[in-house]
Amino acid sequence: MDRHDDFFVMVYEVVRLVPRGRVTTYGAIAKYLGASRSSRMVGWAMNGAHFQDNPVPAHRVVNRLGYLSGKHHFRDEMMMQNLLEVEGIMVENDQIIDFKNYFWDPTIELAF
DNA sequence: CGATTGACGTACG
DNA sequence: TCGTACGCCAATC
């Protein structure tokens with residue numbers, strides 16, 4: 001995606017800022033970008049994340065309940081869960097254990 | 001070109 | 001507390 005879709009690019013930028021071992025949500029990103037009601041677009045933006053030359057840790061983005069709703073979009077369905085577990089995040093039944101504990105909210109962490 | 005569909009989330013009864 | 005509606009908007013049918 002050469003064309004600069006500001007929104008999409010900004011989504012990727014925020015996702016790249018998510019620290020190892022932490023996760024964030026589509027809604028949180030949307031809110032941070034001032035489009036709190038367009039959380040769907042964040043999810044849609046992630047569709048193009050795989051085509052970015054700069055790596056985007058898409059596995060650190062889950063829905064607000066801590067479910068791995070996007071795992072089907074990885075080459076291997078187990079990839080998302082594996083990547084998270086490698087970072088110390090336990091996943092059971094496609095849901096993150098103690099999700100609140102790992103939640104990284106850009107509107108708070110990047111507050112300025 | 002209208003209808004449907006989402007890696008979502010909130011509002012409302 | 002729980003199910004349904006709906007906003008959002010690009011992509012696809």
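Hydrogens, waters and symmetry mates are skipped; everything else that's a heavy atom, side chains included, is used. Predicted model, so just to flag it, every value in this text is computed and none were measured. Residue numbering restarts at 1 for every chain, and letters A, B, ... go by the order of the sequence lines.
Using C1' as the reference atom, B/dA7 and C/dG3 are 23 Å apart when rounded to the nearest Å. Taking atom P in both C/dT1 and B/dC8, one finds a spacing of 24 Å when rounded to whole Å. With both ends at atom P, the span from B/dC1 to C/dC8 equals 23 Å, rounded to whole Å.
Projected onto DNA chain B by closest heavy-atom contact, A/M41 and A/T25 fall at different nucleotides, the more 5' of which corresponds to A/M41.
Backbone-only engagement by A/N63 is indicated by non-hydrogen atom pairs under 4.0 Å involving sugar-phosphate atoms exclusively. If you check every strand for non-hydrogen atoms under 4.0 Å, A/S39 touches a base. A/Y67 comes within 4.0 angstrom of nothing in the nucleic acid, heavy atoms only. If you check every strand for non-hydrogen atoms under 4.0 Å, A/H59 touches nothing.
The salt bridge (Lys or Arg N to Asp or Glu O under 4.0 Å) contacts involving residues 26-39 of chain A comprise nothing, where partners must be two or more places apart or lie in separate chains. Pairs passing the salt bridge (Lys or Arg N to Asp or Glu O under 4.0 Å) check and including a residue from residues 47-58 of chain A, sequence neighbours excluded, do not occur. Each salt bridge (Lys or Arg N to Asp or Glu O under 4.0 Å) pair with one or both residues in residues 8-21 of chain A, not counting sequence neighbours, appears once here: A/E13-A/R16. Sorted by first and then second residue, the salt bridge (Lys or Arg N to Asp or Glu O under 4.0 Å) pairs involving residues 78-97 of chain A (not counting sequence neighbours) are A/R60-A/E87, A/K71-A/D94.
The hydrophobic cluster containing A/F103 does not contain A/I29, counting ILVMFWY residues as joined when their side-chain heavy atoms lie under 4.5 angstrom apart, directly or transitively.
Computed from coordinates, the A/F7 CZ to C/dC8 C1' distance equals 9 Å when rounded to whole Å.
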For residues 62-70 of chain A, please give each side-chain donor-acceptor pair under 3.5 Å, one per line with the distance, not counting sequence neighbours.
residue, atom, partner, partner atom, Å
A/N63, OD1, A/L65, N, 3.1
A/N63, OD1, A/G66, N, 3.2
A/N63, OD1, A/Y67, N, 2.9

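A nucleotide of DNA chain B counts as in contact with chain A when one of its atoms lies under 4.0 Å from a heavy atom; the first and last such, 5' to 3', are B/dG6 to B/dT10.
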